[in-house]
Number of protein chains: 2
Amino acid sequence: MVKHFSAPYDRSMSRHDEIRQEMLRRINDGEWPVGSDIPHEMVLTEEFGAARGTVRRALSTLVEQGLIERRKRAGSRVVGQTSQTSKLHIPLIREEIESRGHAYSYRLLEREVKPGLHGIGTRNGLLWVRCLHLADGAPFQLEHRTINLDTLPQAAEQPFRVTGPNEWLVREVPATRVITRISAAAAEAEIAEILAVPEHAPLLIVSRETFMGEAHLTEARLSHPAEQYQVTTLSI
Amino acid sequence: MVKHFSAPYDRSMSRHDEIRQEMLRRINDGEWPVGSDIPHEMVLTEEFGAARGTVRRALSTLVEQGLIERRKRAGSRVVGQTSQTSKLHIPLIREEIESRGHAYSYRLLEREVKPGLHGIGTRNGLLWVRCLHLADGAPFQLEHRTINLDTLPQAAEQPFRVTGPNEWLVREVPATRVITRISAAAAEAEIAEILAVPEHAPLLIVSRETFMGEAHLTEARLSHPAEQYQVTTLSI
DNA sequence: TAGTGGTCTAGACCACGTA
DNA sequence: ACGTGGTCTAGACCACTAG
């Protein structure tokens, strides 16, 4: 006799979420231990009394979460924490500061057009901007930014005197690919002075490169005093 | 007359990927500018000559990428870089070191059972481990780890003498939720000595808390000399 | 309140990789 | 070789929300 699963009545959850929850429970309770094969799609389809697409959607989410892996012809199996990935979300710096209850302010430090480098911005050059983002008047983030004037010629007309490049980019420019690098470094003398920290103080540095398709759009190097800032990510 | 889109013949890409590529092109070329509404599902379905589910799959991927947002009854629209999220993948430290072509080695520094804290591990206590991961014999990562013995009592039997806790966790324990925090700090005297860096040298610190459902499993604080390590994320 | 996106079903065909 | 997962179709109903 086939054992049918039925979730406790709850319309706040879609069917594929209910099924995924039940699958999570089985993994959690050791009914589906790490390394073991889980039943085939058709078996699950029958057991849950749902369409194959719905079961597949639940399974796909578990794959995204890195809890199971699927191999054609060989079924699916539970995996350990190996492939755990998290979602990193870096908000607009103004939103970040305001969400902490501080007053945001902005200061443009430098702005000039430089010749292109390494095949980037070789026609129109690169717009180079250095600016400071402050929380309650205290330096919070130092931004070094270059904008590719070949792919974003409109940027040349932006003064960036009262709002930073990021505000403009968010409003105007979509991106298909972002590379983010997070590192630590000791503050050099000039940067330390701007950020009002002692020389050699630890900094958390976030570097982002943004592309639309293959076209390089912009690059930012964001330096923060280590005490004031950390990056947080949540699982999928 | 309805204009039909047909992609260049390419069987290496699934239909929903082809459709998504074409949508990306339209966003890139400004046919669908930032802030504008894009055609409704049924219109796209007809234009691409695909089933609604296929078009929806392409759109869903764009939502994941943070390029469009969808509102019921009001259609979908292109958004800027606001909600760009990236995928953060932190591999096993051994794999990280070996992928750089270095020899991995491990050293257990400390291991003891401590009483629980804040409702975590209050029955069986917490297993507390401090260990070092080395690349070509040089300190690469200092790991402070606590394992909740209420939820993972099997950990008490693990000596962690020749392999680290992470190797065991990966093999045995699945997780549904991971919180990762990345920060910078100056090396305190004791840590500086272990990592063979000068006191107050900058460190990149990765902290991870892992859960299965609501149950707290383990927590790790991973300290790296800033020169040797950075975290990289790619867009979805 | 009407129309949009969100979900689900039942079916089909196909490519791929493991046994 | 063949059974698995991957993809796609055509249809239906529903919930939410903007107008």
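Proteins get letters first, then strands, A, B, ... in listed order; numbering begins at 1 in each.
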Could you give the distance from CZ (Arg70(B)) to OG (Ser76(B)), rounded to the nearest 0.5 Å?
-> 4.0 Å
Nearest of dT4(C), dC16(C), dC8(C) to any side-chain atom of Ser14(A)?
->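 Of all the options, the side chain of Ser14(A) is nearest to dC8(C).
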Proximity to the side chain of Ala51(B) - top-ranked nucleotide from dT9(C), dT9(D), dA15(C) |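 Nearest to the side chain of Ala51(B) among the choices is dT9(D).
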Of all heavy-atom pairs linking Pro139(B) and Gln228(B), the shortest is O-OE1, 3.4 Å
Which atom names give the shortest non-hydrogen contact between Ser183(B) and Gln230(A), and what distance separates them?
-> CB-CB, 3.9 Å
Pair His133(B)-Tyr106(B), ring pair (Phe, Tyr, Trp, His ring centres under 6.0 Å): steps then yes or no = CA-CA 5 Å; His133(B) 305 272; Tyr106(B) 167 82; 5.6 Å; yes
Please figure out whether His16(A) or Arg73(A) has its closest DNA chain C nucleotide nearer the 5' end.
-> His16(A)
Using whole Å, what does the distance between atom [atom2] of nucleotide [N] and atom [atom1] of [X] come to?
X	N	atom1	atom2	result
Phe48(B)	dT7(D)	CZ	P	18 Å
Arg52(A)	dT9(D)	CZ	P	15 Å
Leu44(A)	dG6(D)	CG	P	13 Å
Asp17(B)	dC8(D)	CG	C1'	13 Å
Glu18(B)	dT7(D)	CD	P	13 Å
Ile68(B)	dG5(C)	CD1	P	10 Å
Met42(A)	dG6(D)	CE	C1'	14 Å
Ile19(B)	dC8(D)	CD1	C1'	10 Å

Using the criterion of both pairing distances under 3.5 Å for Watson-Crick and G-U wobble pairs, give all stems of 3 or more consecutive pairs involving DNA chain D.
-> C:1-18 with D:1-18
Pairing of Glu143(A) and Arg94(A) as salt bridge, 4.0 angstrom limit =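 No salt bridge links Glu143(A) with Arg94(A).
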Name all residues meeting the side chain to side chain contact (heavy atoms under 4.5 Å, CB included) criterion together with Thr45(A); count only those two or more places apart in sequence or in a different chain, and write none if there are none.
->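 Only Arg52(A), Val55(A) meet the side chain to side chain contact (heavy atoms under 4.5 Å, CB included) criterion with Thr45(A).
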For Pro39(A), the side chain to side chain contact (heavy atoms under 4.5 Å, CB included) test, sequence neighbours excluded, returns Trp32(A), Val43(A), Leu44(A)
Expected list for residues 54-62 of chain B near DNA chain D, using heavy atoms below 4.0 Å, is Thr54(B), Arg57(B)
Could you go through residues 146-153 of chain A and list every donor-acceptor pair under 3.5 Å that involves a side-chain atom there, pairing it with any protein atom two or more places apart or in another chain?
from	atom 1	to	atom 2	distance (Å)
Asn148(A)	OD1	Gly121(A)	N	3.4
Asn148(A)	OD1	Asp150(A)	N	2.9
Asn148(A)	ND2	His216(A)	O	2.9
Asp150(A)	OD1	Arg123(A)	N	3.4
Asp150(A)	OD1	Asn124(A)	N	2.7
Asp150(A)	OD2	Thr122(A)	N	3.1
Asp150(A)	OD2	Arg123(A)	N	3.2
Thr151(A)	OG1	Asn148(A)	O	3.3
Thr151(A)	OG1	His216(A)	O	2.9

When you check the side-chain N and O atoms of Arg77(B) and Ser36(B), is any donor under 3.5 Å from an acceptor?
->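 No pair is found: no donor N or O on one side chain lies under 3.5 Å from an acceptor on the other.
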Arg177(B)-Thr210(B) side chain donor-acceptor pair, cut-off 3.5 Å =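 The answer is no; no qualifying pair exists.
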Check each residue of residues 31-41 of chain B for a non-hydrogen atom within less than 4.0 Å of any atom in DNA chain C, then write out the ones that pass by number, or none.
->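 When residues 31-41 of chain B is checked for heavy atoms under 4.0 Å from DNA chain C, the hits, listed by number, are His40(B), Glu41(B).
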State whether the side chain of His224(A) and the backbone N or O of Leu204(A) hold a donor-acceptor pair below 3.5 Å, judged by distance alone.
-> yes
Side chain to side chain, His16(A) and Gln21(A), heavy atoms closer than 4.5 Å =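 His16(A) does not reach Gln21(A) side chain to side chain.
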Contact under 4.0 Å: Arg70(B) side-chain N or O vs dG6(C) OP1/OP2 |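 Checking dG6(C) against Arg70(B), a side-chain N or O does come within under 4.0 Å of OP1 or OP2.
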